[in-house]
Amino acid sequence: MEARIDKWLWSVRIFKTRTIAAEACKKGRITINGVNAKPSKMVHEGDTVQVRKAPVTYSFKVLQAIENRVGAKLVPEMMENITPKDQYDLLEMNRIGGFVKRAAGLGRPTKKDRRDMDDFLLDTNGPQDDIEEFDFDE
């Protein structure tokens, strides 16, 4: 039995909609047995599907190739999660790390960010207040 990869990803609830699954395939985030997959690529039983959802790459073994969405309780019969533990460790470290630096293009700084930057840049209690003024007339 075989099924389209975008339908399979949607039917086993890896993606919420088939459109999102197809878009992930087009962006090169889905591989079948190590080869990038287009949305129409057929997946067979026994194939290994890797899904890149930053920062983790999930790996699944196809147990049953289906194209119809199944209930959450039936998903373990359709696929086996073979994602290595180090990928989950990476996800945990990313979650613990929290917000460290704003990535370029993610929008304007918040009011708190602006105040923190102003305090840093316009620090009036810094070492510059201790410098004596130079007298040019001497």
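Throughout, residue positions are numbered sequentially from 1 according to the sequence presented. Bear in mind that the values here come from a model prediction, so they are computed numbers and not experimental data.
- Within the 4.5 Å cutoff, side-chain heavy atoms of Pro39 are placed close to those of Arg4.
- Scored by the salt bridge (Lys or Arg N to Asp or Glu O under 4.0 Å) test, Glu80 finds no partners at all (sequence neighbours excluded).
- Under a 4.5 Å side-chain heavy-atom cut-off, the cluster of Ile, Leu, Val, Met, Phe, Trp and Tyr residues that includes Met117 has no other member.
- Cluster partners of Ile5, using a side-chain heavy-atom cutoff of under 4.5 Å among ILVMFWY residues and allowing indirect links, are Trp8, Leu9, Val12, Ile14, Phe15, Ile20, Ile30, Ile32, Val43, Val49, Val51, Val56, Tyr58, Phe60, Val62, Ile66, Val70, Leu74, Val75, Met78, Met79, Tyr88, Leu91.
- Separation of atoms CD (Glu45) and CD (Glu2) is listed at 10.5 Å; rounding is to 0.5 Å.
- Note: Asp47 CG to Met42 CE = 12.0 Å, rounded to the nearest 0.5 Å.
- Side-chain atoms of Asn33 come within 3.5 Å of backbone N or O of Thr48 as a donor-acceptor pair.
- In this structure Lys27 satisfies the salt bridge (Lys or Arg N to Asp or Glu O under 4.0 Å) test with no other residue, sequence neighbours excluded.
- Lys41 is linked by a side-chain hydrogen bond (donor to acceptor under 3.5 Å, both in side chains) to nothing, counting only residues two or more places apart in sequence or in another chain.
- Listed by chain and number, the hydrophobic cluster partners of Ile82 come to none, as no ILVMFWY side chain reaches under 4.5 Å of it.
- For Lys16, there are no salt bridge (Lys or Arg N to Asp or Glu O under 4.0 Å) partners, not counting sequence neighbours.
- For Lys85, the side chain to side chain contact (heavy atoms under 4.5 Å, CB included) test picks out Asp89, with sequence neighbours left out.
- No more than 12 heavy atoms of other residues, nucleotides or ligands lie within 6.0 Å of NZ in Lys26, so this atom counts as exposed by the packing criterion.
- Taking the side chain to side chain contact (heavy atoms under 4.5 Å, CB included) definition, one finds that Pro84 meets it with Ser59, Asp86, Gln87, sequence neighbours left out.
- Every residue meeting the side chain to side chain contact (heavy atoms under 4.5 Å, CB included) condition with Asp116, not counting sequence neighbours, appears here in chain and number order: Lys112.
- Atom CZ of Arg18 is separated from atom SG of Cys25 by 10.5 Å, given to the nearest 0.5 angstrom.
- Residues that satisfy the salt bridge (Lys or Arg N to Asp or Glu O under 4.0 Å) test with Arg29, not counting sequence neighbours, are absent from this structure.
- Judged as a side-chain hydrogen bond (donor to acceptor under 3.5 Å, both in side chains), and not counting sequence neighbours, the contacts of Arg114 are Asp118.
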